[in-house]
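What you see below is based on every heavy atom in this structure, not just the backbone, and it leaves out hydrogens, waters and symmetry mates. Reminder, nothing fancy here: chain letters follow the sequence lines and each chain counts from 1.
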Amino acid sequence: MTTTTKGSATEMPGDGPPPSQKSLLTGSLPRYAAPALLAATAALAAGVLLAFGALGIAQFAVFTVIAYAVVISIASRVVENRRQATDRLVTTIVYACFGLAMVPLVSLLWTVLSEGLARLDLYFLTVSMNGVTPSMDAGGVYHAIVGTIAITGLAAVISIPIGLLTSIYLVEYGQGRLKQAITFFVDVMTGIPSIVAGLFVVALWMMIFGPGKTNGAAGAIALSVLMIPVVVRSCEEMLRLVPNELREASYALGVPKWLTVVKVVLPTAIAGITTGVMLALARVIGETAPLILTAGSSAVAINWNLFNGQMMSLPVFIYSQVRMGGAINYERAWAAALALIVVVMLLFFLARLVSRFFAPNLSR
Amino acid sequence: MAKRIDVSGLHVFYGDFKAVEDVSMTIEPRSVTAFIGSSGCGKSTFLRTLNRMHEVTPGARVQGKVMLDDQDVYGPDVDPVAVRREIGMVFQRPNPFPTMSIYDNVIAGAKLNNQRMPKAKADDLVERSLRGANLWEEVKDRLTRPGAGLSGGQQQRLCIARAIAVEPAVLLMDEPCSALDPISTLAIEDLIAKLKENYTIVIVTHNMQQAARVSDVTAFFNLAGTGKPGRLIEMGETNKIFTKPEKKETENYITGRFG
């Protein structure tokens with residue numbers, strides 16, 4: 001590349017206008033300059049901080065990043081040009097911000113892993129807290145896992161059909177006032193605080209079954225109230241992404257509208273819909289407040305029955321253990337938190353598999 | 001199999017906007033009719049009214065009469081779905097279904113309608129349609145591969161195969177070659193010449209050479225003015241339109257003095 005540029009510059013016709021004095025060449029920092037400068041500033045930062053006796057990870061990182069940003073900008077300004085210097089400065093800032101954003105995530109995962117792994121064993125996962133006093137070194141989280149699976153499972157069974165059909169209505173059929181009204185109320189519902197959804201269901205159960213009759217199903221209804229709008233929103237976006245040309249192609253073959261929706265639109269959008277549904281599920285699986293109000297916070301035994309008695313769930317288990325305040329309770333809470341994260345991650349893994357299985361194969 | 005289309009006094013509206021005004025024409029069976037005219041003059045809109053595809057757009061409506069042989073396409077008890085099975089359509093951009101294989105794309109008309117057909121019959125239909133679209137030799141070894149993996153020209157021929165697999169009487173083509181390279185265009189034009197033995201073909205094109213090459217009859221559309229509806233200016237034998245048009249407007253357009 002460079003040789004051709006030089007060649008064409010020297011081969012300028014002699015009788016034309018005088019060749020431009022602007023050179024295409026500019027100085028550039030060698031490839032090793034950036035890592036070398038980073039290492040140097042890191043060493044410098046460590047040295048200075050040691051001299052002041054204030055060496056800590058946070059101070060070290062902040063000091064290194066600032067020093068490196070200054071040094072690389074000046075070096076680039078001197079050797080290269082202003083545009084390159086700005087580029088290097090902004091690159092440094094972007095990387096630093098990325099690092100900053102990763103800090104809470106990594107730190108959270110690290111804390112949960114280090115605090116939770118100690119207690120998270122097969123015993124913990126397979127026994128309930130039935131007959132275990134709060135300070136006893138025994139008991140497990142099985143009943144809470146059962147509750148979480150049953151309650152969110154029922155919530156999903158209720159919300160996914162309602163949400164998906166609503167989004168199909170909004171994208172494929174809805175017109176005029178009714179569509180606007182539904183969109184508006186779905187938006188409003190996305191903003192409902194979860195505790196309000198819980199209160200609503202408590203009031204509903206009070207009205208229908210009388211006081212003190214709340215159960216797992218009540219929790220599932222409360223979660224559905226939170227989950228439906230999220231499912232509607234994400235499925236709506238995915239259905240809108242299906243190109244209109246495919247619908248027209250189907251109509252032109254003499255296929256009625258409902259079959260077009262079922263056999264062309266939905267299969268094309270299925271990967272996105274699965275991801276959207278899983279995100280909605282992940283949002284409600286960690287809900288605590290509505291479940292404390294509805295499914296209860298004091299269940300200790302395994303209860304698969306959604307329609308009778310209290311039901312523990314993982315987030316509520318964490319909450320109630322932390323409330324008890326003993327060392328062993330904290331250990332249980334951390335282990336349960338780790339179990340909850342694992343459950344959510346398994347769900348996402350499943351979603352990836354499902355969407356890969358259904359996704360249109362576009363490879364040549 | 002091919003049928004005649006008879007249009008009289010057709011007006012097309014989008015909401016309050018009149019897009020096409022007072023078109024009357026007869027489209028003969030077993031012939032190729034080309035619609036030419038500048039962009040936005042309503043030729044595609046008019047084409048879409050022939051198989052009631054324009055109704056898919058919200059607010060679109062039609063006044064006037066379209067007869068398919070002796071049946072009124074806009075009759076009160078007519079099901080638009082049935083009309084579209086009789087009058088097939090190929091679009092500007094190739095649009096095979098991305099979730100389906102080549103094989104399934106061809107029999108999509110039956111498959112999407114939940115019609116069951118024996119494997120042998122389906123195989124036969126796929127081969128016949130792909131041969132009809134001059135695509136069989138190129139894809140016969142990879143029928144189970146996704147249709148979206150073909151080249152643009154092959155995809156368009158796949159769409160034509162898909163359209164003729166439902167055995168329509170009329171085939172509407174809305175600028176079928178505008179997204180294709182010259183070689184694929186040639187393949188499609190050869191195909192049109194072959195298809196006209198069995199079908200009534202209507203093709204919208206921006207390419208006047210193409211209209212001259214493939215069509216028997218040419219119809220020239222133009223706008224009455226900016227913001228005014230499009231009208232049918234002149235219709236006649238293709239070589240007459242391109243050599244001795246009756247109207248000044250037509251002559252200006254085909255000699256390239258505007259548009």
Inset, instruction - Using side-chain contact (heavy atoms from CB on, under 4.5 Å) as the criterion, point out the one residue from B:Leu47, B:Val32, B:Ile160 that pairs with B:Met173. - result: B:Ile160

Legend entry - Heavy-atom side-chain proximity of B:Thr144 to B:Ile102 below 4.5 angstrom: no

Inset, instruction - Would you mind checking if B:Arg48 and B:Glu55 are paired as a salt bridge, meaning a charged N to carboxylate O distance below 4.0 Å? - result: no

Inset, instruction - I would like to know whether B:Arg162 and B:Asn95 meet side chain to side chain donor-acceptor pair (under 3.5 Å); could you show each step before the answer? - result: CA-CA 11 Å; B:Arg162 179 176 72 184; B:Asn95 51 4; 2.9 Å; yes

Inset, instruction - Tell me, for A:Ser250 versus chain B, whether the close heavy atoms (under 4.5 Å) come from the side chain, the backbone, both or neither. - result: both

Legend entry - Greater than 12 external heavy atoms within 6.0 Å of A:Lys263's NZ: yes

Inset, instruction - Please indicate whether B:Ile183 has more than 12 foreign heavy atoms, meaning atoms of other residues, nucleotides or ligands, lying under 6.0 Å from its CD1. - result: no

Legend entry - B:Arg52 versus chain A, the contacting section by heavy-atom distance below 4.5 Å: neither

Legend entry - Minimum heavy-atom distance B:Arg85-A:Leu253, with the two atoms named: CG-O, 4.0 Å

Legend entry - Structural part of B:Phe91 lying under 4.5 Å from a heavy atom of chain A: side chain

Legend entry - chain A contacts, top residue of B:Asn113, B:Val166, B:Leu172 (heavy-atom pairs, under 4.5 Å): B:Asn113

Inset, instruction - Begin from the C-alpha positions of A:Ile273 and A:Leu266 and carry the test side chain to side chain contact (heavy atoms under 4.5 Å, CB included) through to its verdict. - result: CA-CA 9 Å; A:Ile273 289 175; A:Leu266 284 182; 3.9 Å; yes

Inset, instruction - Tell me the residues of residues 72-82 of chain B whose non-hydrogen atoms fall below 4.5 Å from those of chain A, in number order. - result: B:Val81

Inset, instruction - Mind checking the CG-OG1 spacing from B:Asp104 to B:Thr99? Nearest 0.5 Å is all I need. - result: 8.5 Å

Inset, instruction - Tell me the residues of residues 116-131 of chain B whose non-hydrogen atoms fall below 4.5 Å from those of chain A, in number order. - result: none

Inset, instruction - Could you tell me whether B:Lys18 atom NZ has more than 12 heavy atoms of other residues or ligands within 6.0 Å of it? - result: yes

Inset, instruction - For residues B:Thr185 and B:Gln210, report the shortest heavy-atom separation together with the two atoms involved. - result: CG2-NE2, 3.6 Å

Inset, instruction - Give a yes/no verdict on a cation-pi contact between B:Arg145 and B:Tyr103, requiring under 6.0 Å between NZ or CZ and the six-membered ring centre and an angle within 45° of the axis. - result: no

Inset, instruction - Check whether more than 12 heavy atoms from other residues, nucleotides or ligands sit under 6.0 Å from atom CD of B:Gln115, and answer yes or no. - result: yes

Legend entry - CZ/A:Arg352: more than 12 non-hydrogen atoms of other groups inside 6.0 Å: no

Legend entry - Non-neighbouring partners of A:Arg240 that pass salt bridge (charged side-chain N to carboxylate O under 4.0 Å, His left out), sequence neighbours left out: A:Glu236

Legend entry - Proximal to chain B - members of residues 154-174 of chain A, heavy-atom separation under 4.5 Å: none

